[in-house]
**Q** 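Below is one structure. I have some questions about it.
This one's a predicted model, so the numbers in the text were calculated from it and none came from an experiment. Order of the sequence lines fixes the chain letters, A, B, ..., with proteins taken first and strands second; residue numbering starts at 1 for each chain.
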2 protein chains.
Amino acid sequence: MVACIADKWSLWTMSVIAEYRRPMRFSRIMENVAVISQKSLTKTLRGLERDGLITRKVFAEVPPRVEYAITPLGAEMLNNVAPLWLWVAKSVHRFQGARAAFDGRSV
Amino acid sequence: MVACIADKWSLWTMSVIAEYRRPMRFSRIMENVAVISQKSLTKTLRGLERDGLITRKVFAEVPPRVEYAITPLGAEMLNNVAPLWLWVAKSVHRFQGARAAFDGRSV
DNA sequence: CGGGATCCAACCGGATACTG
DNA sequence: CAGTATCCGGTTGGATCCCG
């Protein structure tokens with residue numbers, strides 16, 4: 001549990017919902033998380049909801065409408081992940097350098 | 001790549017090596033990461049070495065000796081992960097609360 | 001539209017056995 | 001001691017079909 005940090009899609013999905021700044025529908029989320037399959041998105045959203053990071057609101061309409069939104073806990077988590085994410089982005093070249101050296105040394 | 005953050009064992013392994021503050025042998029690492037299998041530890045260490053987060057030094061002795069140590073990049077990464085880790089630890093009860101509410105509501 | 005159900009390939013990680 | 005090699009069950013995630 002709380003796999004939302006390590007999970008392949010969770011952080012990306014959360015940031016998409018958070019940046020939208022208003023309730024977001026399933027299909028719109030799927031557009032923005034791009035290559036995710038609908039099965040994985042469903043599973044990811046359920047997990048996030050389960051952990052209290054997003055809310056899920058179903059409207060009894062035809063066609064159905066379901067809206068997702070970030071919770072305070074979710075927003076707080078994103079804020080806490082941000083610094084690390086920025087550091088990684090800033091340091092990517094160092095990882096790549098190390099990787100290249102490693103791969104090259106045994107040629 | 002740079003899966004070292006999401007990976008199941010990488011962070012734990014890194015922190016064990018870092019806290020040891022001197023070169024650490026394979027078997028000692030395995031003792032401290034407790035339940036890890038030796039296969040997974042080997043794979044984890046190789047990945048960390050590949051990303052430049054730890055060093056691996058092999059001594060031509062019998063029996064063999066291999067020593068691992070944290071690199072500056074590795075130490076820096078741990079420092080950047082620490083705040084998030086602390087926040088998660090501090091907030092675990094909130095996740096648990098959300099989880100309990102979610103599980104209980106559909107009974 | 002927002003899924004659920006099913007099938008399937010790929011991968012992960014543990015257990016065990018063997019080795020230089 | 002520090003791995004490598006093999007097997008194997010469980011999970012992940014995509015693709016497809018169906019449904020209210």
**Q** Is there a side-chain contact between B/Y68 and the phosphate of D/dG3, meaning an N or O under 4.0 Å from OP1 or OP2?
**A**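 So the side-chain polar atoms of B/Y68 do come within 4.0 Å of the phosphate oxygens OP1 or OP2 of D/dG3, strictly under.
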
**Q** Expressed as a whole number of angstroms, how long is the span from B/K57:NZ to D/dG3:C1'?
**A**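 The answer, rounded to whole Å, is 20 Å.
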
**Q** For B/K39, answer base if it contacts any base atom (sugar-phosphate contacts may also be present), sugar-phosphate if it contacts only those atoms, and nothing otherwise; contact means non-hydrogen atoms under 4.0 Å.
**A**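 Result for B/K39 = base.
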
**Q** Short question: side chain of A/S15, backbone of A/W12 - any donor-acceptor pair under 3.5 Å?
**A**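 It does hold such a pair.
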
**Q** Would you say B/R25 reaches D/dA2's phosphate, i.e. side-chain N/O to OP1/OP2 under 4.0 Å?
**A**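 It does, given that an N or O in the side chain of B/R25 lies less than 4.0 Å from OP1 or OP2 of D/dA2.
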
**Q** Look at the side-chain N and O atoms of B/K43 and state whether any lies under 4.0 Å from the OP1 or OP2 oxygen of C/dG13.
**A**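 Checking C/dG13 against B/K43, a side-chain N or O does come within under 4.0 Å of OP1 or OP2.
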
**Q** Could you label the plane-to-plane angle of the A/F26 and A/Y68 rings as parallel, tilted or perpendicular, counting under 30° as parallel and over 60° as perpendicular?
**A**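 Because their plane-to-plane angle lies in the 30° to 60° range, the rings of A/F26 and A/Y68 count as tilted.
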
**Q** Name the residue closer to the 5' end of DNA chain D, choosing between A/K8 and A/Q38 according to the nucleotide with the nearest heavy atom.
**A**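 Looking at the nearest nucleotide for each, A/K8 comes out on the 5' side.
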
**Q** Relative to B/Y20, does B/R22 satisfy both conditions: NZ or CZ under 6.0 angstrom from the six-membered ring centre, and within 45 degrees of the ring's axis?
**A**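 Yes, B/R22 lies over the aromatic ring of B/Y20.
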
**Q** Of A/S37 and B/P63, whose nearest nucleotide on DNA chain D comes first from the 5' end?
**A**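 So the residue in question is B/P63.
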
**Q** Would you call B/D51 and A/R99 a side-chain contact if the rule is heavy atoms closer than 4.5 Å?
**A**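 In short, these two side chains touch, coming nearer than 4.5 Å.
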
**Q** Heavy-atom nearest nucleotide on DNA chain C for B/I36 versus A/T42: which residue maps closer to 5'?
**A**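 Whichever sits nearer the 5' end wins; that is A/T42.
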
**Q** Taking only N and O in the side chain of A/R56, is any of them less than 4.0 Å away from OP1 or OP2 of C/dG3?
**A**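 Affirmative; the distance criterion is met.
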
**Q** Hey, does the side chain of A/S40 come within less than 4.0 Å of D/dG14's phosphate (OP1/OP2), counting only N and O?
**A**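 Answer is yes, contact under 4.0 Å.
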
**Q** Under 4.0 Å between a side-chain N/O of B/R28 and OP1 or OP2 of D/dC1, yes or no?
**A**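 So the side chain of B/R28 is outside the cut-off, no N or O lying under 4.0 Å from OP1 or OP2 of D/dC1.
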
**Q** Is any side-chain nitrogen or oxygen of B/R46 closer than 4.0 Å to OP1 or OP2 of D/dT4?
**A**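 Answer is yes, contact under 4.0 Å.
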
